[in-house]
Amino acid sequence: MTLAALVFEGLVAALLLVAVISCWRVDRRLSALKKGQDGVQSSVIALNEATDRARASLAALERATTLSGKELEARVAEARKLTDELSLITGKADRTADSLANRPRTAPRRRAADFFPEGAGSRVINDLKDVR
């Protein structure tokens, strides 16, 4: 073997050694990436399950909101009817109060003594207070 062949083979051997070291480092990085990918894969699965649960919760919330909305609508309609009825009643009461306030008084106010014999009025009033 000549010196040139020996140098050439030494150079090839050095390049092979560099290639082996590079392949070993790439293999380590790929292994680390694969292990990390397993973690990412489990994270994606967990995220997918959480998304499914959120969708189910949103559907249940929508159903509950619809039912509550219908119930609230019925209550508002009932409240409007009662408000209208109360407006009519208060309007009639106002008109009655106005007519009573505007009518002339013809008879003087009577006292309990006018209806009961002397001394009996206070006894009846006391009895009524006791009943109350």
Side-chain angles (χ1 to χ4, degrees):
M1 250 179 59
T2 65
L3 182 63
L6 192 60
V7 170
F8 181 71
E9 288 201 18
L11 184 64
V12 170
L15 289 175
L16 278 173
L17 184 62
V18 169
V20 167
I21 291 172
S22 296
C23 287
W24 177 69
R25 290 179 68 197
V26 168
D27 183 52
R28 276 191 10 207
R29 287 183 183 172
L30 285 175
S31 295
L33 182 63
K34 186 176 179 184
K35 287 179 185 177
Q37 188 178 18
D38 290 343
V40 170
Q41 186 178 12
S42 64
S43 297
V44 168
I45 289 171
L47 182 62
N48 195 18
E49 290 172 356
T51 303
D52 290 340
R53 286 193 304 268
R55 282 186 186 139
S57 297
L58 284 175
L61 182 62
E62 184 178 359
R63 285 190 302 270
T65 303
T66 302
L67 291 175
S68 296
K70 288 179 182 178
E71 183 178 335
L72 182 61
E73 194 174 310
R75 286 185 179 184
V76 166
E78 181 67 24
R80 284 189 178 138
K81 283 180 14 183
L82 292 174
T83 302
D84 292 342
E85 186 177 335
L86 186 59
S87 295
L88 290 174
I89 291 171
T90 55
K92 185 175 180 180
D94 286 342
R95 288 190 302 275
T96 303
D98 289 342
S99 68
L100 287 175
N102 292 334
R103 81 173 186 193
R105 290 193 170 180
T106 56
R109 294 182 99 180
R110 293 186 168 175
R111 298 172 38 124
D114 295 339
F115 293 107
F116 299 106
E118 194 170 309
S122 63
R123 193 173 61 239
V124 171
I125 291 174
N126 289 334
D127 290 342
L128 289 173
K129 287 181 182 177
D130 290 341
V131 170
R132 184 175 61 157

If you measure from OG1 on Thr65 to CG on Leu72, what distance do you get to the nearest 0.5 Å? 11.5 Å
N-O pairing of Glu78 and Lys81 below 4.0 Å: yes
Can you tell me how far CG of Leu61 sits from OG1 of Thr66, rounded to the nearest 0.5 angstrom? 9.0 Å
Report the distance from atom CG of Asn48 to atom CZ of Arg53, rounding to the nearest 0.5 Å. 10.0 Å
Can you tell me how far CG of Leu100 sits from CZ of Arg95, rounded to the nearest 0.5 angstrom? 13.0 Å
To the nearest 0.5 Å, what is the distance between CG (Leu88) and OG1 (Thr83)? 11.0 Å
Does a side-chain N-to-carboxylate-O contact under 4.0 Å join Arg55 and Asp52? yes
Output the distance between atom CZ (Arg75) and atom CG (Leu82), rounded to the nearest 0.5 Å. 12.5 Å
Taking a hydrophobic cluster as the set of Ile, Leu, Val, Met, Phe, Trp and Tyr residues connected by side-chain heavy atoms closer than 4.5 Å, whether directly or through intermediates, do Val12 and Val20 fall within one such cluster? no
Report yes if some heavy atom in the side chain of Ser22 is under 4.5 Å from a heavy atom in the side chain of Val18; otherwise report no. yes
